[in-house]
Amino acid sequence: MDVSIDFLKPEQADEAATVLGDAFITNPNSAAIWRRQGDSERRKQAAIFRLLKLDRPFSKVLVAHQAGDLVGVLNMAPWPKCQMSAADTAKLVPRMMLILRGEVLRGAMARAAKLQGVWGQHDPKEPHWHLGPVGISPRLQGQGIGTQLMNRFCEMVDSDGRAAYLETDRPENVPFYKRFDFRVVGEEHILGVHNWFMWRDAR
């Protein structure tokens, strides 16, 4: 498949967020947080990815294009900036509330906060690149785009001499990431969903 990979440009952020929203709406963690998978939830999830990942100044974002369309996104952030400080979180709460309007969706915000809290407890306290999210347009999943993004990611972290870390909630992702020398270093049920925590040693 003819795919080009480059860094995200500011004018591509909305398109990249939409790809992530579409890719993740059926994930087990997303299902546990939203409790439904409609167009409204997909749009809100895309907006949250943009706010919490793509717009962060410390993130590096790779995007894959095919035939001019943005079809894949890989976000990476360096430790310790991969975890938001209390001050950063407080600044984002008003914008989060605008995205998560309504009584039911405020419940979603609490569930998302619980998930992030447990993830934060597992985050290694040593230098690493924190990988995620990685999302491919649903119509093109399984065609090697994720592999190409991961190959580029591994080249980048190896040239930097740092380890890498990720979380995943899909069992089929565990062997996929093992292909890139990640190994499982922890597991936990969160909101009724099994999550795996994976580490890749520095090269």
Side-chain angles (χ1 to χ4, degrees), residues 1 3-24 27 29 45-66 68-85 87-89 91-92 95-96 112 115-116 119-120 122-137 140-141 144-170 173 176-183 185 196-203:
M1 177 176 290
V3 173
S4 62
I5 297 174
D6 208 339
F7 286 107
L8 178 73
K9 298 179 176 62
E11 62 270 21
Q12 299 171 331
D14 283 340
E15 190 177 4
T18 297
V19 168
L20 291 174
D22 291 347
F24 276 84
N27 269 38
N29 282 336
Q45 180 154 288
I48 290 170
F49 274 132
R50 173 156 188 182
L51 178 65
L52 299 184
K53 299 296 184 179
L54 305 183
D55 287 347
R56 294 196 69 201
F58 304 105
S59 288
K60 290 187 177 182
V61 185
L62 295 173
V63 290
H65 283 89
Q66 183 195 38
D69 294 330
L70 197 158
V71 297
V73 183
L74 181 151
N75 183 85
M76 54 190 289
W79 180 87
K81 300 297 184 181
C82 54
Q83 298 295 325
M84 287 193 296
S85 67
D88 289 338
T89 301
K91 290 177 184 177
L92 293 177
R95 294 172 66 185
M96 288 286 291
L115 174 69
Q116 290 294 330
W119 277 10
H122 281 268
D123 193 69
K125 304 303 186 288
E126 60 182 285
H128 65 271
W129 281 100
H130 198 133
L131 175 63
V134 182
I136 311 301
S137 295
L140 294 172
Q141 290 176 3
I145 298 171
T147 295
Q148 293 185 56
L149 284 167
M150 284 299 300
N151 284 335
R152 181 68 64 85
F153 167 78
C154 291
E155 290 173 3
M156 291 173 63
V157 298
D158 288 348
S159 67
D160 192 46
R162 287 199 191 191
Y165 174 79
L166 62 86
E167 309 97 350
T168 187
D169 59 348
R170 285 190 177 275
N173 285 353
F176 172 76
Y177 288 121
K178 284 183 176 180
R179 286 167 44 197
F180 302 96
D181 296 326
F182 281 87
R183 68 179 189 276
V185 292
W196 290 264
F197 307 98
M198 304 186 72
W199 177 263
R200 181 180 189 269
D201 290 327
R203 297 293 188 272

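Only a predicted model underlies this, so the values are computations on that prediction, with no experimental measurement involved.
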Arg56 side-chain N/O to Lys81 backbone N/O, donor-acceptor pair under 3.5 Å:
yes
Donor-acceptor pair, side chain of Trp79 and main chain of Pro124, under 3.5 angstrom:
yes
May I ask you to test the Asp201-Arg183 pair for a side-chain heavy-atom distance under 4.5 Å?
yes
Does a side-chain heavy-atom distance below 4.5 Å link Val61 with Val73?
yes
Are Arg200 and Asp158 within salt-bridge range, i.e. N to O under 4.0 Å?
yes
Ring geometry between Trp199 and Tyr165 (parallel below 30°, tilted from 30 to 60°, perpendicular above 60°)
tilted
Are side-chain heavy atoms of Trp196 and Glu167 found at a separation under 4.5 Å?
no
Relative to the ring of His122, is the ring of Phe197 parallel (under 30°), tilted (30 to 60°) or perpendicular (over 60°)?
parallel
Which of parallel (below 30°), tilted (30 to 60°) and perpendicular (above 60°) describes His128 and His130?
tilted
Does any part of the side chain of Leu54, heavy atoms only, come nearer than 4.5 Å to the side chain of Leu20, both counted from C-beta?
yes
Would you say Asp6 and Leu62 make side-chain contact, with heavy atoms under 4.5 Å?
no
Working for side chain to side chain contact (heavy atoms under 4.5 Å, CB included), residues Asn29 and Trp119:
CA-CA 12 Å; Asn29 282 336; Trp119 277 10; 3.6 Å; yes
